[in-house]
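Here is how names work: the chains are called A, B, and so on, in the same order as the sequence lines, proteins then strands, and each is numbered from 1.
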Amino acid sequence: MTVPSLASSLSDTVSAAATSLGLADFVAQVRRSEHADFQADGVLAAARTLRRRPRDIAAEVVEALRADDLVAEVAGPGFVNLDLTDRTLLTQLAGRLADPRLGVGTPETGVTTVVDYSQPNIAKEMHVGHLRSTIIGDALVRILEHLGGTVVRRNHIGDWGTQFGMLIQYQNEQPAAAGGDDASMSRLAALYRQARARFDTDPQFAVRARQRVVALQGGDPDTVAAWQDIVAESTRYFTEIYDRLGVRLTAADAVGESAYNDALPGVAADLAAQAVAVPSDGALCVFFDQVRGPDGAPSPLIVRKRDGGFGYAATDLAALRQRVGELHADRLLYVVDARQSLHFTMVFDTARRAGWLPPQVSAVHVAFGTVLGPDGRPFKTRAGDTVRLVDLLTEAVDRAREVVAAKNPDLTGAALHERARQVGIGAVKYADLATSRTRDYTYDPQRMLALTGNTGVYLQYAHARIRSLLARAGNPAVTVDPTTTLEPAERALILDLDGFADTLTEVLTHYEPHRLCGYLYRLAQTFTTFYEHCPVLRAPDPIRANRLALCHLTGETLHTGLSLLGIPAPTHL
RNA sequence: GCGCCCGUAGCUCAGCGGAUAGAGCAGGGGACUUCUAAUCCCAAGGCCGCAGGUUCGAAUCCUGCCGGGCGCACCA
């Protein structure tokens with residue numbers, strides 16, 4: 001059963017009190033405060049429109065709030081401080097514990113969201129950019145689903161385009177150099193590099209490669225078969241990485257660019273018929289008032305190229321139309337690099353104009369910044385190559401294994417490996433999710449894998465400690481006695497715990513998972529303060545039982561919160 | 001030229017209209033016969049890029065600068 005947060009309940013209470021006083025426009029903003037449990041803001045703003053003294057209004061509100069379980073008082077220039085009784089806090093604690101969902105509601109019920117994320121390219125290695133998209137998208141998917149939403153995952157894989165002509169042609173001409181029958185991702189990556197180099201330096205090969213593209217698009221059986229082999233091999237590889245990452249993307253979620261091929265002529269024809277797109281230099285383009293190039297000339301979204309081919313604008317439009325029209329999406333999320341922001345602005349605008357994106361359907365480019373190395377430059381190896389995602393994950397897990405083994409010598413073999421995986425992958429994900437997504441992100445393996453401070457491990461450790469404590473107590477049934485007197489550290493913990501559901505909805509207002517990271521980190525710190533100040537097992541009942549209940553809810557909240565970030569929370573570290 | 005993002009402690013970052021701007025890391029000083037010290041406590045560290053404006057109140061909103069990053073016609 002949904003348990004409204006204390007903050008939202010108080011907001012209702014204060015608003016009702018203000019209404020009873022005739023303060024019609026009063027909007028109570030209740031938030032946590034250093035000076036009380038909560039503070040209600042809004043009096044100062046109301047005072048101006050009413051032309052009255054703020055403290056007088058605040059005093060009236062306080063008077064109207066008079067109740068047994070609430071202490072309200074005027075503070076400063078016109079703040080209303082709100083303090084709740086221990087009994088109220090303990091009752092709230094009991095309410096959350098009584099619900100398997102910790103009282104979190106399902107405000108997303110009935111809302112369908114299509115989330116487009118990960119987007120690796122066939123025959124190319126995944127790198128840190130894909131990692132960001134994958135991790136952020138996965139967290140958003142989990143949170144949307146947890147709040148009752150319907151989610152369609154879409155992995156818009158780069159499985160089509162001119163580079164496949166190059167790849168297949170090179171493979172045909174140089175079967176040995178391309179690694180023969182040895183089908184693997186490293187073979188494909190090497191093939192890609194060699195084919196690219198040949199394409200750039202040998203004009204005659206480039207001509208043959210372009211002819212091969214025509215053959216592919218024309219459905220030549222041998223060429224199509226070669227393409228399918230390459231796609232299948234890459235897809236197996238991606239699935240392997242998703243499994244390693246603990247990301248819930250499957251082959252079924254992969255709907256690549258090629259899936260929209262048949263729809264592209266229709267997209268172009270409809271846009272042309274509606275005059276949304278117009279011919280320009282032989283291409284079919286959509287223009288925008290504000291979008292201009294360096295020369296001052298309008299810059300288009302190119303729906304169909306001069307040679308008659310389609311680029312990714314057409315593909316994105318086809319996908320969008322299908323997601324709204326056939327999948328009945330209420331919301332479209334694109335977890336893509338911030339550098340694509342102009343592209344999405346144009347695509348969304350075009351779709352609006354064409355009527356494919358009705359006003360009630362939102363489309364959001366969930367942009368993230370470039371991944372930088374410790375030197376502040378785009379993250380590359382010392383040789384200047386893109387860092388392979390697999391290498392990065394392997395390094396993270398290896399280092400985690402060393403740390404885990406050092407702290408927990410009894411752990412060996414498969415158990416050690418599993419623990420190292422949970423810690424290492426968790427560290428990578430947390431480091432990526434914890435910073436606000438729009439800014440460029442400094443990827444520093446040293447810092448992230450130090451496994452100390454504000455990291456995933458800190459949270460995993462806090463969780464494991466709680467599980468250990470509860471196990472030591474014999475995992476008793478949870479009971480809450482609402483009549484005990486609370487220590488400040490206990491009050492702070494209950495108040496923090498109560499903010500979980502509100503944090504999740506806050507994450508969805510701007511699709512910012514880092515807010516959940518910040519919440520969980522604060523919660524872990526508050527718990528640690530409680531842990532240092534309030535003995536649990538040694539305390540006499542009913543205080544002991546209440547503290548065990550606090551531990552229980554904290555453990556559950558950390559576990560749920562971490563899992564919503566896609567981070568495992570083992571019972572032991 | 002136009003557009004988007006970013007300038008907060010030495011470093012990496014939170015905070016984005018409310019009371020005295022916070023954390024982590026690094027560096028300094030402490031705390032383990034104690035429920036996991038992968039932890040905690042204390043001290044130190046700030047013209048919140050600059051200048052105006054709006055407001056009872058601005059790191060937060062608006063305008064203009066400065067500095068950095070990234071986009072802007074046939075790659076995706």
Could you tell me whether the phosphate oxygens of B:rC75, OP1 or OP2, come under 4.0 Å of any side-chain nitrogen or oxygen in A:K305?
-> yes

Between B:rG7 and B:rC48, how far is it from one P atom to the other, in whole Å?
-> 14 Å

Just compare B:rG18, B:rC72, B:rG71 and give me whichever is closest to any side-chain atom of A:A45.
-> B:rG18

Whole-Å C1' distance, B:rC61 and B:rG18 = 14 Å

Heavy atoms under 4.0 Å, any strand shown: does A:T528 hit a base, just sugar-phosphate, or nothing?
-> sugar-phosphate

P gap between B:rA26 and B:rU63, integer Å | 41 Å

Looking only at B:rA23, B:rG69, B:rA38, the nucleotide nearest the A:Y461 side chain is B:rA38

Have a look at A:R447 and say if it touches a base, only the backbone sugar-phosphate, or nothing, with a 4.0 Å heavy-atom cut-off.
-> base

For A:S280, answer base if it contacts any base atom (sugar-phosphate contacts may also be present), sugar-phosphate if it contacts only those atoms, and nothing otherwise; contact means non-hydrogen atoms under 4.0 Å.
-> base

Determine the contact category for A:G293: base if any of its heavy atoms lies under 4.0 Å from a base atom, sugar-phosphate if only primed atoms, P, OP1 or OP2 are that close, otherwise nothing.
-> base

Go ahead and name the base partner of B:rU39; Watson-Crick or wobble counts if both distances stay under 3.5 Å, otherwise write none.
-> B:rA31

Within the pair A:T442 and B:rC13, is there a side-chain N or O less than 4.0 Å away from OP1 or OP2?
-> yes

Under 3.5 Å, is there a donor-acceptor pair between the A:R467 and A:H463 side chains?
-> yes

Has A:T438 got a side-chain N or O lying under 4.0 Å from the OP1 or OP2 atom of B:rC5?
-> no

Considering only heavy atoms from C-beta outward, does the side chain of A:L216 approach that of A:W160 to under 4.5 Å?
-> yes

So does A:Q39 reach the base of B:rA19 with its side chain, donor to acceptor, closer than 3.5 Å?
-> yes

Within the structure shown, what part of the strands sits under 4.0 Å from A:D444 by heavy-atom distance: base, sugar-phosphate, or nothing?
-> nothing

Tell me the partner of B:rA21, counting only Watson-Crick (N1-N3 plus N6-O4 or O6-N4) or G-U wobble (N1-O2 and O6-N3) with both under 3.5 Å; none if nothing fits.
-> none

Measure from the side chain of A:R439, starting at C-beta and using heavy atoms only, and say which of B:rU36, B:rU39, B:rA14 lies closest.
-> B:rA14

Determine the contact category for A:H343: base if any of its heavy atoms lies under 4.0 Å from a base atom, sugar-phosphate if only primed atoms, P, OP1 or OP2 are that close, otherwise nothing.
-> nothing

Could you check which of B:rA14, B:rC35, B:rC70 has an atom nearest any side-chain atom of A:R339?
-> B:rC70

Taking OP1 and OP2 of B:rC16, is either one under 4.0 Å from a side-chain nitrogen or oxygen of A:R515?
-> yes

Describe the nucleic acid contact of A:V423 in one word from base, sugar-phosphate, nothing, applying a heavy-atom distance below 4.0 Å.
-> nothing

Can you tell me if the side-chain N/O atoms of A:H35 get under 4.0 Å from OP1 or OP2 in B:rG18?
-> no

May I ask you to say whether A:R437 pairs ionically with A:D432, meaning some side-chain N is under 4.0 Å from a carboxylate O?
-> no

OP1 or OP2 of B:rA76 less than 4.0 angstrom from a side-chain nitrogen or oxygen of A:Y312, does that happen here?
-> no

A:Y521 has its side chain closest, among B:rU39, B:rC74, B:rG24, to B:rG24

NA contact type, A:C285, heavy-atom cut-off 4.0 Å: base, sugar-phosphate, or nothing?
-> base

Inter-residue atom distance A:S234.OG - A:E125.CD, 0.5 Å rounding | 9.0 Å

Sticking with atom C1', work out how far B:rU12 lies from B:rC35, rounded to a whole angstrom.
-> 33 Å

B:rC16: syn or anti, per glycosidic angle within 90° of 0 = anti

Most 5' of A:I466 and A:R437 on RNA chain B, judged by nearest nucleotide | A:R437

Does B:rA19 have OP1 or OP2 sitting under 4.0 Å from an N or O in the side chain of A:S33?
-> no

Counterpart base for B:rC70, defined by Watson-Crick or G-U wobble contacts under 3.5 Å | B:rG3

Side-chain donor or acceptor of A:N81 under 3.5 Å from a matching atom on the base of B:rA19?
-> yes

Does A:Y458 lie flat on the base of B:rA38, that is, centres under 5.5 Å apart and planes under 30° off?
-> no

Expressed as a whole number of Å, how far does the C1' atom of B:rC47 sit from that of B:rU39?
-> 37 Å

Could you check whether A:Q340 gets within reach of a base, just the sugar-phosphate, or nothing at all, counting any heavy atom under 4.0 Å?
-> base

Does a nitrogen or oxygen in the side chain of A:R292 sit under 4.0 Å from OP1 or OP2 of B:rA73?
-> no

Select base, sugar-phosphate, or nothing to describe what A:A338 touches, counting heavy atoms under 4.0 Å on all strands.
-> nothing

Let me know, please, whether A:L573 or A:S341 comes out on the 5' side of the other along RNA chain B by nearest nucleotide.
-> A:S341

Choose from B:rC72, B:rA38, B:rG18 the nucleotide whose nearest atom is closest to any side-chain atom of A:D41.
-> B:rG18

Phosphate OP1/OP2 of B:rU36 contacted by A:R467 side-chain N/O (<4.0 Å) = no

Protein-nucleotide distance (A:N454, atom CG; B:rG22, atom P), rounded to Å = 17 Å

Distance from A:F379 atom CZ to A:Y441 atom OH, nearest 0.5 Å?
-> 9.0 Å

How is A:A406 classified with respect to the nucleic acid when contacts are heavy atoms under 4.0 Å: base, sugar-phosphate, or nothing?
-> nothing

So, do A:H130 and A:F238 have ring centers that fall under 6.0 Å from each other?
-> no

Just checking A:A367: base, sugar-phosphate only, or nothing, at a heavy-atom cut-off of under 4.0 Å?
-> nothing

For B:rC50, what is the paired nucleotide under Watson-Crick or G-U wobble rules, both distances under 3.5 Å?
-> B:rG64

Identify which nucleotide among B:rC74, B:rA73, B:rC40 has an atom closest to any side-chain atom of A:P294, counting heavy atoms from C-beta outward.
-> B:rA73

Respond yes when some side-chain nitrogen or oxygen of A:T345 is under 4.0 Å from OP1 or OP2 of B:rC4, and no when none is.
-> no

Residues A:E60, A:R55: salt bridge by 4.0 Å N-O rule | no

Rounded to whole Å, the CG-P distance (A:L342 to B:rC72) equals 8 Å

Can you tell me, in whole Å, how much space there is between the C1' of B:rC50 and that of B:rC66?
-> 7 Å

Nucleotide of B:rA73, B:rC74, B:rA38 approaching A:P300 most closely (side-chain heavy atoms) | B:rA73

Under 3.5 Å side-chain donor-acceptor pair for A:N454 and A:Y430 = yes

N/O (side chain, A:R31) to phosphate O (OP1/OP2, B:rG18) under 4.0 Å | yes

After noting the C-alpha distance and the side-chain angles of A:D316 and A:H343, does the key distance pass the side-chain contact (heavy atoms from CB on, under 4.5 Å) rule?
-> CA-CA 10 Å; A:D316 280 343; A:H343 168 72; 2.7 Å; yes

In plain terms, say whether A:D496 and A:R522 are close enough for a salt bridge, that is, a side-chain N and a carboxylate O under 4.0 Å apart.
-> no

